[in-house]
Amino acid sequence: MFSCKAKKQLVVKKAAAIDTVAKTVSIKTLKLNAIKASQTTFNTFSGKARAKLNINGDINDVTLNIRIKSDQKIWISITAIAGIEVARALITPDSILLINRLQNVYVKKPFSYINKFAGSQANYKTLESLIIGNAIPELVSENSDLQEENGGTVLSGNFSDFVFKVIFSSDLRPNQTNLSNQSAGQTLQVANSAFIQTGNKVIPSEIDMSSMVKDKKILVNLHYVKDDFDQPLDFPFSIPPRYRPAE
C-alpha cells in the first residue's frame with residue numbers, strides 16, 4: 001500500500017514539471033514568432049538617405065541612393081556635393097562589385113571581402129536586415145535567451161563566436177543590436193530610432209552603425225529622407241573599360 005502511494009505521488013509531480021516546461025517553451029516560441037512577424041517584409045526597396053561616413057577617421061557627408069531586391073542584390077550609389085556620384089556598389093549573396101569614380105578603380109571580390117570591414121558574422125542577409133532596420137535573422141532563435149524588460153523584449157546569447165544582445169521595443173522592432181568577439185577584436189553596434197510608416201511598412205528613419213574589426217573602424221549615421229517599397233527597379237552597374245583593379 002505504501003509503495004503504491006509513493007508511486008502515485010511521483011507521477012503527479014513529474015506531470016506537473018513537464019507541464020511547466022511545456023508552457024515556458026510555448027511562451028518563448030510565441031514571442032519569437034511574433035518578433036519574426038513584426039519585421040518588415042518586401043520584394044523591393046528603394047530609399048534615399050543623408051549619411052555621415054567615418055572610415056578610420058576620414059569623415060564625409062554624402063547622399064546614399066539604395067535599392068534592394070530582397071535576398072538577391074543591394075545596389076548603392078554614393079553622391080557627394082552637387083549630386084556628383086563618387087562610388088557605386090552592387091552586392092549579392094556571393095559577390096561585391098565596387099567602382100570608385102574619383103580614382104578610376106574598381107573592386108570585384110567574393111562577399112567575404114566585406115568581412116574585413118564588417119566582421120566575420122556578417123553575411124548578405126545581415127547587411128540587408130541592417131539597412132532596412134530589421135533584426136538579424138540568426139539572432140531570433142530558440143537558442144537565444146529571452147527576457148521582458150521595461151516594457152520591451154531582450155534577446156541575448158551566443159552566435160558563432162559572438163556574444164550578442166538585441167533590445168526590442170514594445171512593438172517588437174529592434175532598437176539596439178550589439179555583437180562582440182573580444183578575442184578577435186570585432187564589434188558591431190546598431191541603433192535604430194525615429195520609426196516611420198510607409199503604407200503598411202515600418203522602418204527606422206535614423207540608423208547608427210559602428211563596426212570595428214581590429215584596426216579598421218567604420219561609423220555610419222544614416223537618415224532616410226525618402227523610401228518606397230515593392231516598385232519595379234533596375235540595378236545598373238558596369239565597369240568602365242579605362243578603370244583598373246584597386247590594389
Side-chain angles (χ1 to χ4, degrees), residues 47-68 74-133 136 159-166 174 176-193 204-225 237 239-240 243-247:
K48 183 177 183 178
R50 293 193 296 268
K52 183 181 292 291
L53 304 180
N54 183 336
I55 302 176
N56 291 329
D58 183 13
I59 303 174
N60 291 281
D61 292 315
V62 298
T63 297
L64 304 180
N65 286 283
I66 302 170
R67 301 175 187 177
I68 302 175
I74 300 169
W75 180 95
I76 303 175
S77 173
I78 304 174
T79 59
I81 299 173
I84 299 173
E85 185 180 60
V86 296
R88 183 177 295 191
L90 182 64
I91 304 167
T92 72
D94 301 319
S95 65
I96 174 170
L97 293 171
L98 174 68
I99 53 177
N100 182 329
R101 298 195 185 281
L102 295 180
Q103 299 177 347
N104 292 343
V105 298
Y106 70 89
V107 172
K108 186 176 183 180
K109 298 286 186 179
F111 184 90
S112 57
Y113 178 79
I114 290 180
N115 298 133
K116 295 181 180 181
F117 307 93
S120 58
Q121 85 288 345
N123 56 36
Y124 173 85
K125 197 62 182 179
T126 300
L127 188 58
E128 185 178 291
S129 298
L130 295 180
I131 291 173
I132 209 72
I136 298 173
F159 166 60
S160 186
D161 295 325
F162 288 80
V163 176
F164 73 86
K165 182 177 182 180
V166 186
Q176 295 183 37
T177 301
N178 299 299
L179 295 95
S180 66
N181 181 340
Q182 295 299 331
S183 61
Q186 299 181 11
T187 62
L188 175 65
Q189 298 178 325
V190 182
N192 298 322
S193 59
S205 65
E206 298 272 357
I207 302 176
D208 290 288
M209 301 185 201
S210 172
S211 174
M212 183 173 68
V213 181
K214 295 183 179 179
D215 61 340
K216 298 180 177 66
K217 187 171 184 179
I218 298 176
L219 303 175
V220 180
N221 170 261
L222 183 152
H223 177 204
Y224 280 115
V225 294
F237 193 96
I239 300 173
Y243 280 32
R244 65 187 189 282
E247 297 180 0

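Quick caveat: nothing in here was measured; it's all calculated off a predicted structure.
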Are L97 and V107 close enough that some pair of their side-chain heavy atoms sits under 4.5 Å apart? no
Can you confirm whether I59 sits close enough to K52 that some side-chain heavy atom of one is under 4.5 Å from a side-chain heavy atom of the other? yes
Check whether the side chains of N181 and D161 place a donor and an acceptor atom closer than 3.5 Å, and report yes or no. no
Closest non-hydrogen atom pair between N192 and P174, with its separation: ND2-O, 2.9 Å
Decide whether S129 and T126 meet the rule of one side-chain donor and one side-chain acceptor closer than 3.5 Å. no
Before you tell me yes or no, could you show the steps for L219 and M209 under side-chain contact (heavy atoms from CB on, under 4.5 Å), namely the whole-Å CA-CA distance, both residues' side-chain angles and the distance that decides it to 0.1 Å? CA-CA 6 Å; L219 303 175; M209 301 185 201; over 6 Å; no
Closest heavy-atom contact between T187 and S180? CG2-CB, 3.9 Å
Qualifying residues under side chain to side chain contact (heavy atoms under 4.5 Å, CB included), relative to S112, sequence neighbours excluded: P110, N115
Say you draw a straight line from CG of D208 to OG of S193; how long is it, rounded to the nearest 0.5 Å? 6.5 Å
Report yes or no: does N56 contribute a side-chain atom to a donor-acceptor pair with the main-chain N or O of K217 at less than 3.5 Å? yes
Just so I know, are the side chains of V105 and I99 near enough to count as touching, which here means a heavy-atom distance under 4.5 Å? no
Taking all non-hydrogen atoms of both residues, which atom of Y124 and which atom of I74 are closest, and how far apart? OH-CG1, 3.5 Å
Atom pair CG/CD1 of L127 and I76 - distance to nearest 0.5 Å: 6.5 Å
Considering only heavy atoms from C-beta outward, does the side chain of I78 approach that of R88 to under 4.5 Å? no
Pairwise side-chain contact, T177 with I136, heavy-atom cut-off 4.5 Å (strictly under): yes
Which residue pairs pass the salt bridge (charged side-chain N to carboxylate O under 4.0 Å, His left out) test with at least one member in residues 91-101, sequence neighbours excluded? E85-R101
When rounded to the nearest 0.5 angstrom, what distance separates CD in Q186 from NZ in K216? 11.0 Å
Student check: side-chain heavy atoms of L130 and L188 closer than 4.5 Å: yes
Do side-chain atoms of N60 reach the backbone of V62 as a donor and acceptor pair under 3.5 angstrom? no
Are F111 and I96 packed together at the side-chain level, in the sense that at least one heavy-atom pair is separated by less than 4.5 angstrom? no
Of all the heavy-atom pairs spanning N100 and Y243, show the shortest one and how long it is. O-CE2, 3.8 Å
Just how far is it from atom OH of Y113 to atom CD1 of I91, taken to the nearest 0.5 Å? 11.5 Å
Heavy atoms of Y224 and A49 approach each other most closely as CD2-CB, 3.8 Å
Taking atom NZ as the centre, does K48 end up with more than 12 heavy-atom neighbours from other residues, nucleotides or ligands that are less than 6.0 angstrom away? no
Close side-chain approach of S95 to K109, heavy-atom, < 4.5 Å: no
Is there a donor-acceptor pair closer than 3.5 Å between any side-chain N or O of N54 and the backbone N or O of I218? no
Work out which heavy atom in Y106 is nearest to a heavy atom in I239; give both atom names and the distance. CD2-CG2, 3.5 Å
